Amino acid sequence: MLEINKIRLNKEKVIELLRVKNFKAAEEKINNLIDLDEKKRQVQKQLEDIKAELNVKSKEIGQYMKDGSKEMAEKAKTEVANLKENSKDLEKELSEKEQEIEGLLLSIPNLPHSSVPKGKTAEDNIVEYIDGKIPKLWEGATPHWDLCAKYDIVDFELGNKITGSGFPVYKGKGAKLQRALINFFLDEAVNSGFAEVQPPLMVNEASAMATGQLPDKEGQMYAIPLDGFYMIPTAEVPITNIFRDVIVSEKDFPICKTAYSQCFRREAGSYGKDVRGLNRLHQFDKVEIVCIDHPDHSYEQLEIMKKHVETLLHKLELPFRVLRLCGGDMSFTSALTFDFETYSVAQDRWLEVSSVSNFETFQSNRLKLRFKNQEGKTQLAHTLNGSALALPRIVASLLENNQTPEGIKIPKALIPYTGFEIID
RNA sequence: GGAGAGAUGGGUGAGUGGCUGAAACCAACAGUUUGCUAAACUGUCGUACCUGUAACGGGUACCGGGGGUUCGAAUCCCCCUCUCUCCGCCA
């Protein structure tokens, strides 16, 4: 959520930046917002003046009662009654205005960083660089879903029976590979200075609201209405909520956390080859990294996080490219996002395996995550997060790229974790 | 799931209708003293919003959350959430 005061002070700039994000009706909404805010403040001032008077009068009544001057007290009481009548309408108006403003603010996306390219769709993203060699496959090479069946390591049909599509059952070496990747990613993150946490997989409404899943993305999450909980779509939600309503100490920056969790996404509306095999699941595993940092240093931290993801992909020996997302393809909450995509040879396509973003103060404003700056004032911190990494597409790429007539070769870095060198 | 107790500022904890934005202690921060550390002493020490002065000023709200009673609520009433203790169940 953007800060109303900043919008007020930089109206033109805000509108201009919202256009980069292809936000429709930017000018109209911002004007409306500023107008509402102006009126709200007028009403608030009137109301508070009345309340101040009420408070004074109430104290006087107390004094009259003590002195025994009943008449004076009664007189003051009628005066107070009138004031109260006026304040009721104002109070109603104020809360209406506040709700309207809140609603509007929630509907406005984060402002893009100055380096974000203009553009509407994924086509307009900028390829920053491509890293690694794309392997040549042997003649009998097939997409990962065939390999999963061939080696009996991921069973989609069985998952369909137990739950439904998008809930695969990992078996044998497939299950072990999952465990290996999770441990590998966690160990790497911890070695890079991220503190490990194991958060709940369900969150309450307040948490989902604070990180922006609610109200707009409600349909993306699995809900448990009986208890008012939501299954987490990413560990970002519980980890970031550690810092909800918290004032951190400036000397603790950067605060870096990592967590493994399973993630649950309804992915309503997805279909076709995009969702085949491991490409898109309703339940999947991911190791997430989250950082909280000082506004002056958050973009340096973003680079550190990018480097970390790069290192993981190098160690897994996967070819990848890094995209700087354009305004139209970025998420609602992000100010700058880099996507990492591995090349999955048998499918002949790039698969998104990580997304690393700086949210600046967009999340922390709703979270009320602040720190005391050097002048002793509280100020919103910057939040960042990234996947490091999401498993299914990594598995897809590993299976496809490393397939040989003898079986699927495990990258060196992973062998200590799997305990085997080949899936056959 | 049953019974009871409770929720106050960073922490402990006082406060049952106006003198309480909230005692006291601890922690923290700043200063004085000291050869350094420690101790002692002095001071500061919640958040948000509105307003804006020559002024570090003025105002409003907040004592788990929401609603109510009252001229006036941390204090009384109702609902909810959470915590603790005992019992039950259980990996």
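What you are looking at is a predicted structure, and each value in this text was computed from that prediction instead of being measured. Order of the sequence lines fixes the chain letters, A, B, ..., with proteins taken first and strands second; residue numbering starts at 1 for each chain.
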Hey, are the side chains of A:Arg366 and A:Leu106 touching, using non-hydrogen atoms and a 4.5 Å cut-off?
yes

Do the non-hydrogen side-chain atoms of A:Leu325 and A:Val116 ever get within less than 4.5 Å of each other?
no

For B:C45 and A:Lys372 - does any side-chain N or O of the residue sit under 4.0 Å from the phosphate oxygens OP1/OP2?
no

Using Watson-Crick geometry (N1-N3 plus N6-O4 or O6-N4) or G-U wobble (N1-O2, O6-N3), each under 3.5 Å, B:C45 is paired with none

May I ask which nucleotide in the shown strands pairs with B:A24, Watson-Crick or G-U wobble, both distances under 3.5 Å?
B:U12

Report the base-pairing partner of B:A73 (Watson-Crick or G-U wobble, both distances below 3.5 angstrom), or none.
none

Are the side chains of A:Leu391 and A:Phe284 in touch, meaning some heavy atoms are under 4.5 Å apart?
no

Who is the Watson-Crick or G-U wobble partner of B:C82, with both distances under 3.5 Å?
B:G6

Complementary nucleotide of B:C63, counting Watson-Crick and G-U pairs under 3.5 Å:
none

Taking OP1 and OP2 of B:A48, is either one under 4.0 Å from a side-chain nitrogen or oxygen of A:Thr378?
yes

Taking the six-membered ring for Trp, are A:His382 and A:Tyr299 closer than 6.0 Å centroid to centroid?
no

Base, sugar-phosphate or nothing for A:Ala52? Non-hydrogen atoms, less than 4.0 Å.
sugar-phosphate

When you get a sec, tell me which of B:G18, B:U60, B:C50 is the closest nucleotide to the side chain of A:Lys51?
B:U60

Across every strand shown, the nucleotide meeting Watson-Crick or G-U wobble geometry with B:U37 (both distances under 3.5 Å) is none

Between A:Lys59 and A:Asn55, which residue's closest nucleotide on RNA chain B lies nearer the 5′ terminus?
A:Lys59

Answer yes or no on whether A:Lys173 is positioned over the face of A:Phe420, meaning its NZ or CZ is under 6.0 Å from the six-membered ring centre and within 45° of the axis.
yes

Taking only side-chain nitrogens and oxygens of A:Arg41, does any of them come within less than 4.0 Å of OP1 or OP2 of B:U51?
yes

Would you say B:G52 has OP1 or OP2 under 4.0 Å from some side-chain N or O of A:Lys45?
no

Sticking with atom C1', work out how far B:G64 lies from B:U47, rounded to a whole angstrom.
16 Å

Can you find a side chain N or O atom of A:Arg370 that sits less than 4.0 Å from OP1 or OP2 on B:A48?
yes

Could you state the atom-to-atom distance from CG of A:Asn365 to C1' of B:A48 in whole Å?
12 Å

Identity of whatever pairs with B:C89 - Watson-Crick or G-U, under 3.5 angstrom:
none

Please name the nucleotide paired to B:G17 by Watson-Crick or G-U wobble geometry with both distances under 3.5 Å, or report none.
none

Between A:Ile247 and A:Val80, which has a closest nucleotide on RNA chain B that is more 5'?
A:Ile247

